[in-house]
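Here, residue 1 is the first one in the sequence, and each next residue gets the next number.
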Amino acid sequence: MTVERMVRIIAGFFIMLSLALAHFSGSVDMSRLSWLWFTAFVGFNLFQSGLTRFCPLDIMLKKAGVKPGCGL
């Protein structure tokens, strides 16, 4: 597993964890429709793209002609 994949997995996990902690502590009500669901989607997508290597944004950027970098 590469460093890039681990960063995606850990970042996605921490985004979803912070939303869950905020919800269960009573700071945020995730049962209502709000922009926080967009944050949850981004966190989940980061997490799953680290595991599966499937990322819709990667595909769209490649089709738009953006060249991949070296990572550093």
Side-chain angles (χ1 to χ4, degrees):
M1 187 163 298
T2 65
V3 171
E4 180 186 56
R5 289 182 66 197
M6 288 300 297
V7 167
R8 286 182 180 201
I9 291 169
I10 293 168
F13 175 77
F14 278 121
I15 289 170
M16 292 185 298
L17 177 65
S18 67
L19 286 171
L21 290 172
H23 175 72
F24 291 115
S25 71
S27 303
V28 173
D29 185 8
M30 290 295 289
S31 65
R32 301 180 132 200
L33 187 59
S34 71
W35 283 104
L36 292 175
W37 281 106
F38 181 70
T39 305
F41 169 76
V42 171
F44 178 76
N45 193 36
L46 269 170
F47 185 78
Q48 71 81 25
S49 71
L51 294 174
T52 65
R53 295 184 180 173
F54 173 75
C55 181
L57 183 57
D58 280 348
I59 296 166
M60 288 186 273
L61 290 173
K62 286 176 186 173
K63 286 185 179 182
V66 177
K67 295 181 176 139
C70 66
L72 290 176

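- Between Ile59 and Phe54, the closest heavy-atom pair is CD1-CE1, 3.6 Å.
- Both Leu51 and Leu17 belong to a common hydrophobic cluster when Ile, Leu, Val, Met, Phe, Trp and Tyr are linked at side-chain heavy-atom distances under 4.5 angstrom.
- Closest non-hydrogen pair, Ala22 versus Ser25, comes out as O-OG, 3.2 Å.
- Note on Met16 and Met6: same hydrophobic cluster, where clusters join Ile, Leu, Val, Met, Phe, Trp and Tyr whose side-chain heavy atoms are under 4.5 Å apart, directly or indirectly.
- Follow the hydrophobic side-chain contacts under 4.5 Å out from Val7 and you never reach Val42; the two are in separate clusters.
- Partners of Ser34 according to the side chain to side chain contact (heavy atoms under 4.5 Å, CB included) rule, which considers only residues two or more places apart in sequence or in another chain, are Leu36, Trp37.
- Residues Asp58 and Arg8 approach most closely at OD2-NH2, 3.3 Å, considering heavy atoms.
- Atom CZ in Phe14 sits 13.5 Å away from atom CG in Leu19 (nearest 0.5 Å).
- Taking CG of Leu46 as the start and CG of Leu57 as the end, the distance is 10.0 Å to the nearest 0.5 Å.
- Here the CD1 atom belonging to Ile15 is positioned 7.5 Å from the OG1 atom belonging to Thr39, to the nearest 0.5 angstrom.
- Asn45 and Cys55 get closest at one heavy-atom pair: ND2-SG, 4.3 Å.
- Environment of CZ in Arg5: crowded, with over 12 heavy atoms of neighbouring residues, nucleotides or ligands closer than 6.0 Å.
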